[in-house]
4 protein chains.
Amino acid sequence: MATEKTTASRAPKGRAPQRRNEDARLAVLHAADDLLVERGFGGVTVEGIAARAGVAKQTIYRWWPSKVDILLDTLVEDADKRLKIPDEGPVVDAVRSYLRALARFLTKEDAGKVLLALLGEAQHEAETATLFHERYLDPRRARERALLKRGVAAGELPAGVNLDATLDSLIGPIVYRALTGAPVTRGFVDALVDRVLES
Amino acid sequence: MATEKTTASRAPKGRAPQRRNEDARLAVLHAADDLLVERGFGGVTVEGIAARAGVAKQTIYRWWPSKVDILLDTLVEDADKRLKIPDEGPVVDAVRSYLRALARFLTKEDAGKVLLALLGEAQHEAETATLFHERYLDPRRARERALLKRGVAAGELPAGVNLDATLDSLIGPIVYRALTGAPVTRGFVDALVDRVLES
Amino acid sequence: MATEKTTASRAPKGRAPQRRNEDARLAVLHAADDLLVERGFGGVTVEGIAARAGVAKQTIYRWWPSKVDILLDTLVEDADKRLKIPDEGPVVDAVRSYLRALARFLTKEDAGKVLLALLGEAQHEAETATLFHERYLDPRRARERALLKRGVAAGELPAGVNLDATLDSLIGPIVYRALTGAPVTRGFVDALVDRVLES
Amino acid sequence: MATEKTTASRAPKGRAPQRRNEDARLAVLHAADDLLVERGFGGVTVEGIAARAGVAKQTIYRWWPSKVDILLDTLVEDADKRLKIPDEGPVVDAVRSYLRALARFLTKEDAGKVLLALLGEAQHEAETATLFHERYLDPRRARERALLKRGVAAGELPAGVNLDATLDSLIGPIVYRALTGAPVTRGFVDALVDRVLES
DNA sequence: TTTTAATCGAGACGGTACGTCTCGTCTTAAA
DNA sequence: TTTAAGACGAGACGTACCGTCTCGATTAAAA
């Protein structure tokens, strides 16, 4: 699970002393999420999370280096659950469906706001950019590439296609619209897929 | 005697106040720009700008409501100068040239970093998003639309083309690459133009 | 007049249309006085005086080096008018009458508040202490000494009396009571005179 | 999910907060004292105290409402230690000794400068006057009265003596001389005691 | 009557300190 | 040993005044 990375090993083998409190962990993640949605990224403070989660600040700093790591935990967990990359069916259809889900995710769901906030914060701090790549962008991109590769292997996509250029041409417009507050309609997404994948 | 409300004669003498100091204005804009590039958005503080510009904090607060407004001033001034929208020649060539300039602006120039930082900050604060639209995105988009409209009028682009969808499909991938720290090569831009405008 | 001291010599030499505006001068003195009574010494700011007097800050700085000088102007003017040192009659009676007037001045009149405020400020700043001595305490003390000397000359007071010790023993308790907010009754003053001058 | 109000279990764990840091407290008191003596009351700033004491401003504001409260703390501590009210021996001798100590305290010791500064500030701000009474003047006056009462009980002082009038007649001249920068000699004090207590 | 120079109100400027806020670290006592 | 509570050093926030400095407009004596 995504958050395991920030957590000491959880296998309940034998010794008890080093037990992380799961209630506290969830309370922190939810509090951070809520604060982001209610008040924006600036309204997410460690102090505020601690107060809302009923947890001591030190407990947060013990397990997460910064508030960005908390938000990354919630993003990774939520995106893994709610923004799955399809692994069957015709690839163009799979891509279209994935991009529609991405549009919905970015514009309608709380976790989408977290994604946009983290992408925003990555512009402000190099450390955030690095973490965002490592924990979210890169693993996801790997799976997105695999999806396209399957299309190439199946002959649905041309052999010489530049995977990253294609993916950025598909994802970029959707993210850009979300970032600028523009609506991302199904029509916009479908036209995009048509232009990029079927030309 | 002390309680008398005596006041100096109120004849409207002295009408013209001191005018704004242009040196101070420029020093502030440059200091903000420098700090953003050197230390990132978080390193841009009103206190730091004042210190580096050799200006009093109050002078900053007198003319700018927030540091975002300062950065917007530098962005708008710089983008107007260095990221002009071509107004002659074949439209596809003009668009290609404009997007190449945009790619260079975003990845190589200080003002491009300001743009990305403001787009990032717009994710954190609604007020910034509004200002960013009013001062930068919307006016620029109007001119970008005009460029495409010229292409439609000249028969270079199909009559029914969705201007905003086209623009977001062109600009989105470039901005997204810049946001994620990916290189934005001339090849990527040219392929994009080919796909979107010549399909 | 007291304020002349802060003003350059007024001989109309050569070509000088440099006439000081008397309205502004009075407005400033009254505004300072009012602010002191209404808000205390801390509430007396040059900015506040200027605003209330309807005068420019520069006009104040042109004629007075600091707000203390403004208050000294009002104090000296008022004390000269309302706290006269008697120069006839039996000396003990004259002293008693003077001290009764002093008690009233300190506890009931606005100018008394100015005196206490300046004595207070003299504890905070050496420059104020010096000015306060030069403009108020020393000249007044000279006249108080003259009063007692008249008593010695007339044989009403013993020849070897220490003038300053006697004056401080009379004035000290009254001022101290005023400083600590204690009432200064006629009985207190009269008993003081009896103890100090008739023992 | 994000909006759920999940909170860590609220069993009252962790009960004891950190206690106040005595080192910081003393460093603040000493820094304030030093600054007052070196630069006068105006030179005592919260910022300056914090810097000299090596303490954060917030730590000062956490424990003291204002710089006046800091100075009152040092005054009360020092006066309790160095300006004791004698409680044995003939009362006239005790009073003479106390007043000599007061003269020395006011003119020679740092804490005496604090006392004069606070008495000065009390003229500027009603709140300071109140605090100064509650924390310093009133408790001390109670003990001073007790001293005189002992003299009355012992028959050393007349039965009908007005305690406060007597005390103000003794203390007033000494404080007044200190306030006006005049020397307070042993001869002045002794003559005062003679006049006021033995007439 | 024109010139000329000091006055005036207005307010921008570089500064200092204010009192508040949040950060991330450190300390304590209870569980 | 981990937790909740919260004190701590650090430093930015936005505000209030400081004292200096233009800036036109006004004004009145000297030329």
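Just the heavy atoms: all of them, side chains too, but no hydrogens, waters or symmetry mates, feed the values below. Proteins get letters first, then strands, A, B, ... in listed order; numbering begins at 1 in each.
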A:Ser66 or D:Ser66, whichever maps to the more 5' nucleotide of DNA chain E: D:Ser66

Measure from CZ on D:Arg20 to P on E:dA29 and round the result to the nearest Å. 17 Å

So what does D:Trp64 touch, heavy atoms closer than 4.0 Å: a base, only the sugar-phosphate, or nothing? nothing

Just how far, in rounded Å, is P of E:dC13 from CZ of B:Arg25? 12 Å

Residue set satisfying side chain to side chain contact (heavy atoms under 4.5 Å, CB included) with B:Gln123, at least two apart, ordered chain then number -> A:Leu116, A:Leu179, B:Leu119

Grab the CD1-P distance between C:Ile70 and F:dC17 for me, whole Å please. 15 Å

Rounding to 0.5 Å, atoms CD1 (A:Ile49) and CG (A:Leu36) come to a distance of 9.5 Å

State, yes or no, whether a side-chain contact exists between B:Leu75 and B:Phe132 at a heavy-atom distance under 4.5 Å. yes

How are the rings of B:His124 and A:Phe41 set relative to one another: parallel (under 30°), tilted (30 to 60°) or perpendicular (over 60°)? parallel

For DNA chain E, which residues of residues 53-62 of chain D approach it to below 4.0 angstrom with any heavy atom? D:Lys57, D:Gln58, D:Tyr61

Salt bridge (Lys or Arg N to Asp or Glu O under 4.0 Å) partners of residues 49-63 of chain B, not counting sequence neighbours, each pair once: B:Asp34-B:Arg52, B:Glu38-B:Arg52, B:Glu47-B:Lys57

Salt bridge (charged side-chain N to carboxylate O under 4.0 Å, His left out) partners of D:Arg25, counting only residues at least two apart: D:Glu22, D:Glu77

Can you measure D:Asn21 atom CG to E:dT27 atom P for me and round it to whole angstrom units? 10 Å

Just the rounded figure in Å: distance from P of F:dT2 to CD of A:Glu22. 17 Å

Quick check on contacts: within residues 29-50 of chain B, what sits under 4.0 Å from DNA chain E by heavy-atom distance? none

Looking at D:Trp63, I'd like to know whether one of its side-chain N or O atoms comes within less than 4.0 Å of OP1 or OP2 on F:dC8. yes

Any side-chain heavy atom of A:Val68 within less than 4.5 Å of one from A:Glu121? yes

Indicate yes or no: does C:Asp73 engage C:Arg135 in a salt bridge with an N to O separation below 4.0 Å. yes

Is it possible for you to check whether D:Arg19 lies under 6.0 Å from the centre of the six-membered ring of D:Trp63, through NZ or CZ, and within 45° of that ring's axis? no

Note the angle between the end axes of the helix from E:dT1-F:dA31 to E:dA31-F:dT1, five pairs defining each, rounded to 10 degrees. 10°

Quick check: do D:Val46 and D:Trp64 have side-chain heavy atoms less than 4.5 Å from each other? no

Please say which of C:Ile70, C:Val114, C:Leu71 ends up in a side-chain contact (heavy atoms from CB on, under 4.5 Å) with C:Asp33. C:Val114

